[in-house]
Amino acid sequence: MTTELVRVGIIGCGNIGADHIDRVANQISGARVTALFDVATDRVKELAAQVGAVALPTASEVINSPDVDAIIIASPGEYHAALTLECIAAGKPVMCEKPLAPTVEECEAVLAAEQAAGRRLVQVGFMRRNDVGYRHMKDNLTAGNIGEALILHCEHRNPDVPDSFTSEMSMTDSVIHEIDTARWLLGEEIVRVRVIAGKQTPNAASHLNDPQLVIMESQSGVIISVEVFVNAKYGYDVRCEIVGSNGVTSLGTQDLGQFVSDTRRTVTMPANWRVRFGDAYRAEIQDWINGIKAGEPRGANSFDGLAATLVAQAAVRAVKSGETVEVPVLEKPAFYA
Ligand code: NAP
């Protein structure tokens, strides 16, 4: 493993991009931030000054800079595929935030380019794989502690979303995390999906179905239920439980602490995804850097990105049609074994 610091370029410096800048610069080891690009030029200059990086005028200049060894893409999803393809063409490792791309065709183009390049360069930002609670669940399942998985129950509750958020975005932005988590935990693909919109909260915009219940099925018949409720108001609450043939494993408590006073126990919970998954994001970026230094790719790969987008798009069709939508099972190329 090389002892040189990995020089990281970051494209898209909004919510999560700015967090990743801070993570690479201040929270992990083995890397530093050298170049940034964002269309919001004033903000990116300020962020660059804070970490001793340069703000470059285009994304291509970040990707091709001789001072950049690896790239994080945190721009809006519609730009992910084109930017990832440029990173592959430059022969540089890239951590692309989810989704790998909004369409299956764009994801397939990334897989084709990466395989033609002959080297695994792409990691996708499915950070729940780095969360201690989810890893504990996977370890329990793999060790046989709960027997065979039969049902996977998930809940994904956000306090609120902007008015521009749509029922389809609940699938492509929120449930896509449960899609990846389910594939990773169970080690099999999702083959069908149905979305039910029942009684609606008065707190959502009138165009938004909220909450929605997503029912999926895996290849071996495991039922996966996901309640997605993006205007839950009370806090950020992600839950997960696998019901097995001999037991149950679930995420442990995600409470941030408590106090007792006047005969009441008050528990503080995460206010948002940033707080809840802060440690997981840190572990994800550290693992990505360690993988680059060791010359061995880690984390979710392009095939995982494609598989997640395939199911998310099927869920979008299920929202629109109200029908059960079948998801074709893709053959995983040996390149991604
Ligand atoms: P955001 O706050 O809107 O940040 C995106 C940034 O990219 C903004 O500064 C935006 O500038 C800029 N931008 C727009 N067009 C660009 C372009 N062509 N090239 C480069 N930058 C461009 O969004 P976000 O919430 O950070 O989300 C960014 C990505 O991360 C999305 O794909 C999202 O799904 C993903 N994400 C993942 C997680 C996770 O849990 N893994 C969490 C949050 C977000 P303007 O604001 O001026 O348009």
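Both ligands and their constituent atoms are indexed starting at 1 by order of listing. Just so it is clear, the structure is predicted and the values come from calculations on it, not from any experiment.
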### Ring geometry between H177 and H156 (parallel below 30°, tilted from 30 to 60°, perpendicular above 60°)
tilted
### Summary
min-distance protein heavy atom vs atom 27 (O) of ligand 1 -> I16 CG2, 4.3 Å
### Query
Considering only protein heavy atoms, which is closest to atom 20 (C) of ligand 1, and at what distance to one decimal place?
F37 CE2, 3.5 Å
### Query
What residue and heavy atom of the protein are closest to atom 41 (N) of ligand 1, and at what distance?
E97 OE1, 2.9 Å
### Query
Given side chains that start at C-beta, do those of Q286 and S29 come closer than 4.5 Å, heavy atoms only?
yes
### Query
For ligand 1, which part of Y281 has a heavy atom less than 4.0 Å away: the side chain, the backbone, both, or neither?
side chain
### Message
Evaluate D38 for polar contact with ligand 1, using N/O atom pairs at a separation under 3.5 Å.
### Response
yes
### Query
Is the backbone N or O of V44 less than 3.5 Å from a side-chain atom of D38, with the two atoms forming a donor-acceptor pair by type?
no
### Query
Relative to the heavy atoms of M127, which atoms of ligand 1 are at a distance of less than 4.0 Å?
40 (O), 41 (N)
### Task
May I ask you to list the atoms of ligand 1 that are less than 4.0 angstrom from any heavy atom of A74?
5 (C), 28 (C), 29 (C)
### Query
Within a strict 4.5 Å, meaning less than it, do heavy atoms of the M216 and V311 side chains meet?
yes
### Query
So, N272 side chain and V275 main chain: donor-acceptor pair closer than 3.5 Å or not?
yes
### Query
Within the distance-only criterion (no hydrogens, no angle test), does the side chain of D69 pair as donor or acceptor with the backbone N or O of R7 below 3.5 angstrom?
yes
### Query
Hey, is D173 one of the residues with a heavy atom under 4.0 angstrom from ligand 1?
no
### Query
Is there a donor-acceptor contact under 3.5 Å from the side chain of N301 to the main chain of D304?
yes
### Query
Which residue and non-hydrogen atom of the protein lie closest to atom 1 (P) of ligand 1, and at what distance in Å?
N15 N, 4.0 Å
### Query
Less than 4.0 Å between a side-chain N and a carboxylate O, is that true for R128 and E178?
yes
### Message
I'd like to know whether E296 forms a salt bridge (charged side-chain N to carboxylate O under 4.0 Å, His left out) with R298, so could you lay out the CA-CA distance, the side-chain angles of the two residues, the decisive distance to 0.1 Å, and finally the verdict.
### Response
CA-CA 7 Å; E296 46 179 60; R298 298 174 184 182; 2.9 Å; yes
### Query
Within the structure, does G17 bring an N/O atom to less than 3.5 angstrom of an N/O atom in ligand 1?
no
### Query
Considering the options I242, I146, T142, T181, which one meets the side chain to side chain contact (heavy atoms under 4.5 Å, CB included) requirement together with M137?
I242
### Message
Starting from atom 45 (P) of ligand 1, what is the nearest protein heavy atom, named by residue and atom, and what distance separates them?
### Response
V39 CG2, 4.0 Å
### Task
Could you list which atoms of ligand 1 come closer than 4.0 Å to a heavy atom of G125?
41 (N)
### Task
Considering only protein heavy atoms, determine whether one is less than 4.0 Å from atom 3 (O) of ligand 1.
no
#### Entry: atom 33 (C) of ligand 1 [closest protein heavy-atom partner, distance rounded to 0.1 Å]
K98 O, 3.6 Å
### Summary
In ligand 1, the atoms that come under 4.0 Å of a heavy atom of H80 are 32 (O)
### Query
Is the number of heavy atoms from other residues, nucleotides or ligands under 6.0 Å of D255 CG greater than 12?
yes
### Task
Measure W273 to ligand 1 on non-hydrogen atoms and call it side chain, backbone, both or neither using the 4.0 Å cut-off.
side chain
### Query
Hey, which atoms in ligand 1 end up nearer than 4.0 Å to a heavy atom of R43?
8 (C), 9 (O)
